[in-house]
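Okay, structure first, notes after.
Hydrogens, waters and symmetry mates are skipped; everything else that's a heavy atom, side chains included, is used. What you see is a predicted model; the values in this text were computed from it and never measured.
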Amino acid sequence: MRLTLSEIRNNAMAFAAEWHDAASERADAQSFWTELFAVFGIRRRSVASFEEKVRNLGQGLDRIDVFWAGKMLGEHKSRGENLGKAASQAFNYVQLLTNEGRHHEVPRYVVVSDFARIVVYDLESPQPAEPVADFATARLHENIRHFGFLSGYDTRPLDPEDPINTQAVEVLGELHDALERGGYRGHTLERFLVRVLFCLFADDTAIFDADTFKILIENTRSDGSDLGAALARLFKVLDTPFSERHQNLPDELMALPFVNGELFREDLGFAEFNGAMRTALLKACSFDWARISPAVFGSLFQSVMADGEGAMKRRQIGAHYTSERDIMKLIRSLFLDELQAELAACGTDAKKLAAFHSKLASLRFLDPACGCGNFLVVAYRELRLLELATMQKMYQDARKGGLFKIDTLLKINVDQMYGIEIEEWPARIAEVAMWLVDHQMNQKVGEAFGQPVLRLPLRKSAKIRHDNALQVKWESVLPAAQCSFVLGNPPFVGAKFQTAAQRADMDRVCAGISNAGLLDYVCAWYVTAAEYIRGRKTRCAFVSTNSITQGEQVGVLWPALFRRGIKIQFAHRTFQWQSEARGKAHVHVVIIGFGEGVANGRKIYDYTESEDTPTVTNASNISPYLINGPDIAIANRSTPLCPAPDIGIGNKPIDGGNYLFTRDEMKAFVQEEPASKAYFRPWFGAEEFINGDHRWCLWLGDATSSEIRSMPRVHERVDKVRKFRLASKSAPTRELAARPTRFHVENMPDRRFLAIPKVSSERRTYIPIGYMPAKHLASDLLFVLPAATPYHFGVLTSAMHMAWVRQVCGRLESRYRYSNTLVYNNFPWPQDVTPKHKAAVEAAAQQVLDVRAKWKDQTLADLYDPLVMPADLVKAHKALDRAVDKCYRAKPFPNERARVEYLFELYEKLAHPLLPATSARRRRTKPPPAP
């Protein structure tokens with residue numbers, strides 16, 4: 001059972017007193033962590049292990065001090081040791097887990113301690129390398145909010161503008177826990193809590209007479225034995241019309257409104273309450289629920305309910321809760337700014353205002369992945385505020401003298417809102433949230449005109465369909481001819497993480513789209529929306545992961561949408577999405593507004609300078625890369641667009657690991673088979689290249705049969721490779737078994753060559769690329785350019801090329817995934833470069849290499865860490881950037897977006913005539929001769 005917050009605080013104070021006072025005498029780290037877990041009511045042995053093994057880059061084994069798979073990683077040091085180094089070690093373990101393919105075990109939190117201090121890192125925070133908490137162990141009880149991942153209490157605020165929502169989560173969470181301990185589970189607990197929450201709002205927002213619900217509870221026995229029956233009776237009354245109520249009901253129950261709306265219809269039976277449950281409910285009654293916005297109602301509720309398997313299920317279907325800040329970005333661009341301008345243009349003209357009021361009432365909204373209704377709630381609230389502003393202009397006299405009942409003049413109602421939600425429970429939450437925001441808006445109208453406005457019984461409701469949005473016909477939910485706007489935040493699920501059912505949805509929706517298997521799940525909503533609005537003026541906008549505007553997905557999704565007549569009408573470029581749900585990452589997202597035909601005033605919102613105040617620019621056309629440009633999508637090419645050196649992948653052995661050795665393994669092997677030493681060559685993948693380490697490869701491609709037979713241990717390895725390949729399900733691999741000493745892909749230049757890592761961190765300003773000597777072997781995780789000159793190196797490591805990379809390349813998680821066919825072969829190199837400008841690039845490129853050489857004991861990872869990049873290397877790169885820029889044009893580029901727009905213009909010119917990405921004509925060119 002989850003402990004209450006007060007129990008956790010008491011435990012934390014006892015723990016802090018024991019370990020802070022005794023820290024100098026006690027040195028048992030395992031006891032420290034076991035007791036720390038116990039503070040939060042967790043038996044450490046049931047969830048976490050000590051000394052968890054993880055394989056390091058040298059293929060040896062490191063040990064993680066404390067490890068809870070998928071949750072947290074702990075590293076412990078002796079008292080007074082540097083905890084910064086402990087954190088670095090822990091971050092390295094996280095990377096090693098990823099390298100081993102243990103992605104599902106990668107923790108979100110890192111905790112380090114030296115007994116006296118505790119430091120907490122959240123790897124999903126905006127600055128994961130910065131601690132979210134750093135405090136003395138003696139102050140643990142003041143910092144338990146930072147251990148929500150242990151306590152089960154999420155302290156992430158649901159709305160940054162109003163921290164009271166965090167308090168609401170705690171209050172509702174304690175009530176949830178008390179009910180759960182009392183035996184309430186699943187659907188019954190969920191439905192019961194929604195009813196209670198409605199009553200709490202009703203008590204504080206004049207739906208009920210003040211404190212009616214609270215007084216009813218206070219009038220029950222202190223042990224709670226009669227509370228269940230009292231609540232069941234209350235719920236029954238709220239669902240009974242006045243004409244059908246028993247005449248001998250107490251006055252306080254008879255006076256309750258008839259709510260209707262099916263909220264209280266289902267028979268939940270009698271809840272068996274006890275004293276603790278009654279106390280928790282009374283505590284909830286003492287909270288001011290009028291201050292909670294229904295816009296975060298669903299998020300608040302899910303923060304309490306989504307624990308354990310429930311939270312995992314929501315993650316699996318890709319459900320996310322978007323902050324009100326980000327919802328407002330979408331709805332302002334989609335319709336609100338335009339409607340506000342239209343209202344202002346009406347002035348005080350009565351006819352224009354009446355027509356505008358009728359227009360507001362005619363609007364219909366569809367969220368086809370509505371979750372708990374956040375988007376619909378905020379959209380409805382803003383629509384009602386527009387209506388109020390309109391009515392204040394139209395009926396000023398009513399405010400003075402109360403000439404007529406203002407509630408009869410209201411036209412907007414919740415039945416203008418439609419949604420589709422795959423889970424029943426959030427769908428029901430959305431309906432209730434809509435009623436609550438409607439009531440709040442009625443109160444605002446009442447305050448403005450001095451008349452009470454109460455819409456009870458609930459005769460209208462939002463139309464929320466519990467169904468799969470990719471299987472149900474949207475037309476059956478809201479006919480397209482009636483729909484004004486489609487909006488929402490469809491699920492974030494990458495192509496590789498879709499369930500079988502989700503993949504089946506994608507196959508059905510995206511049938512006829514080539515390479516649709518590359519698309520994220522959200523793309524199915526774009527395709528379905530395009531079909532739904534065909535031939536209509538309906539406008540759409542979705543929050544989406546920015547992956548649909550990068551890499552291969554652009555060339556798959558957007559040409560298919562363009563063929564359906566879709567145009568991008570506004571775009572919010574990449575920004576950090578604020579999630580309301582516990583355990584969610586800070587995902588980078590975009591907002592894309594689209595519809596058939598061209599909209600007036602196409603705008604691009606850029607968040608490079610500020611997350612809260614974007615730079616807004618008008619665009620003549622918005623490309624699928626969300627820049628001012630044509631409707632083009634970069635497609636894979638087999639050869640470079642411009643004259644440039646050939647690029648290829650490194651070597652791919654397909655050897656079952658038999659030819660690859662760590663340093664220690666190689667030494668041991670040579671000791672047993674001394675003649676094999678001549679056949680070992682250094683082996684580099686992207687990880688080894690960047691981090692300055694390497695393995696060893698037993699390369700036998702040039703060895704004769706007699707030489708191999710003379711080395712029994714080598715011969716044994718060759719036979720293992722042959723057997724490994726024969727066991728493969730792949731026919732080409734089985735054929736390769738006939739040549740067991742050769743690699744599947746062999747790329748071994750006879751001179752130094754340029755290497756580009758296939759995957760590298762997005763945190764770096766520049767991808768670390770560089771030259772390697774001929775004796776070194778590159779794996780297929782490096783791209784190899786044997787003919788690259790210093791000029792080519794200079795351009796490829798410049799800000800211009802990086803701007804292209806960031807826009808065009810795909811991503812592995814958030815890391816850059818460089819591609820020869822998509823990024824390199826499509827890159828628009830400078831045209832007609834003068835010898836002077838080329839020489840300047842070569843000189844600047846050599847200076848970058850010279851500065852690197854000065855830092856002999858530093859790896860590329862060290863040198864290109866954005867936080868500690870050496871000043872002289874930064875200076876050298878800036879000089880190189882300026883030299884490369886001048887090869888493109890004389891006028892400096894003010895920012896990266898200007899670079900990207902210039903590069904796309906150049907690309908269009910070089911690729912002319914440009915066809916849709918799926919049929920783009922390839923232009924073959926010969927690379928320049930080797931230097």
Intermediate values then yes/no, side-chain contact (heavy atoms from CB on, under 4.5 Å), L330 and F542: CA-CA 8 Å; L330 184 148; F542 291 140; 5.6 Å; no
L339 and L363: CA distance, side-chain angles, deciding distance, side-chain contact (heavy atoms from CB on, under 4.5 Å) verdict: CA-CA 11 Å; L339 289 176; L363 299 177; 3.9 Å; yes
Derivation of the side-chain contact (heavy atoms from CB on, under 4.5 Å) call for T615 and R897: CA-CA 11 Å; T615 301; R897 182 170 158 192; 5.7 Å; no
Check against side-chain contact (heavy atoms from CB on, under 4.5 Å), N374 and N489: CA-CA 10 Å; N374 300 29; N489 174 27; over 6 Å; no
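Proximity of a side-chain donor or acceptor of R539 to a complementary backbone N or O of Q569 within less than 3.5 Å is not detected. Without hydrogens or angle criteria, E338 side chain to F335 main chain gives no donor-acceptor distance under 3.5 Å. Here the side chain of R573 pairs a donor or acceptor atom with the backbone of L626 at under 3.5 angstrom. Side chain of T545 to backbone of F492: no donor-acceptor contact under 3.5 angstrom is found. Of the possible polar contacts, one joining the D367 side chain to the A369 backbone as a donor-acceptor pair under 3.5 Å is found. Judged by distance alone, the side chain of Q807 and the main-chain N or O of Y625 form a donor-acceptor pair under 3.5 Å. Checked by atom type and distance alone, the side chain of N621 pairs as donor or acceptor with a backbone atom of G629 at under 3.5 Å. Under the 3.5 Å distance criterion, the side-chain polar atoms of E475 are matched with a main-chain donor or acceptor of A480. Without hydrogens or angle criteria, Q502 side chain to T499 main chain gives a donor-acceptor distance under 3.5 Å.
The distance from the CD atom of Q440 to the OH atom of Y380 is 11.5 Å, given to the nearest 0.5 Å. Atom CD1 of I622 sits about 6.5 Å away from atom CD1 of I568, to the nearest 0.5 Å. Rounded to the nearest 0.5 Å, atoms CG (N636) and OG1 (T821) are 3.5 Å apart. Taken to the nearest 0.5 Å, the CD atom of E896 stands 9.5 Å off from the CG atom of D606. A distance of 9.0 Å separates CD1 of I548 from CG of L519, quoted to the nearest 0.5 Å. For the atom pair Y109 OH and D122 CG, the distance stands at 4.5 Å (nearest 0.5 Å).
The closest side-chain heavy-atom distance from V432 to L197 is not below 4.5 Å. For the pair Y818/C809, no side-chain contact is recorded, criterion being any heavy-atom separation below 4.5 Å from C-beta on. I591 places none of its side-chain heavy atoms less than 4.5 Å from the side chain of S333. Looking at F904 and I634, their side chains come closer than 4.5 Å, going by heavy atoms from C-beta outward. Side-chain contact between D326 and V589: absent, with no pair of heavy atoms (C-beta onward) separated by less than 4.5 Å. Counting only heavy atoms from C-beta outward, the side chains of P614 and K329 never approach each other to under 4.5 Å. F365 is not listed as a side-chain neighbour of C370, based on a closest heavy-atom distance of 4.5 Å or more. A heavy-atom distance below 4.5 Å is found between the side chains of M328 and E382.
Closest approach of Q553 and C523 over heavy atoms only: OE1-SG, 3.7 Å. In terms of heavy atoms, R503 sits closest to A516 at NH1-O, 4.2 Å. Closest approach of V554 and P559 over heavy atoms only: O-CD, 3.2 Å. When all heavy atoms are compared, the tightest approach of P624 to D631 is CD-CA, 4.2 Å. Scanning all heavy atoms of the two residues, the minimum distance from V556 to I513 falls at O-CG2, 3.7 Å. Taking both residues in full, the closest heavy atoms of C510 and V527 are given as SG-CG2, 4.3 Å, listed atom of the first, atom of the second, then distance.
When only modelled atom types and interatomic distance are considered, Y526 and S544 share a side-chain donor-acceptor pair under 3.5 Å.
By the 30° and 60° cut-offs, the orientation of the rings of W558 relative to F562 is tilted. Under the 30°/60° scheme for interplanar angles, the aromatic rings of Y532 and W474 are found to stand perpendicular. Y607 and H572 have parallel rings, their planes meeting at less than 30° on a 0 to 90° scale where 60° marks the start of perpendicular.
With sequence neighbours left out, K537 forms a side-chain contact (heavy atoms from CB on, under 4.5 Å) with no residue at all.
No more than 12 heavy atoms of other residues, nucleotides or ligands sit less than 6.0 Å from atom CZ of R332.
The aromatic ring centroids of F91 and Y121 lie less than 6.0 Å from each other.
Ion pairing of E596 with R534 is absent here, as no side-chain N (NZ or NE/NH1/NH2) approaches a carboxylate O to less than 4.0 Å. Here K463 does not pair with D415 in a salt bridge; the nearest charged N to carboxylate O distance is not below 4.0 Å.
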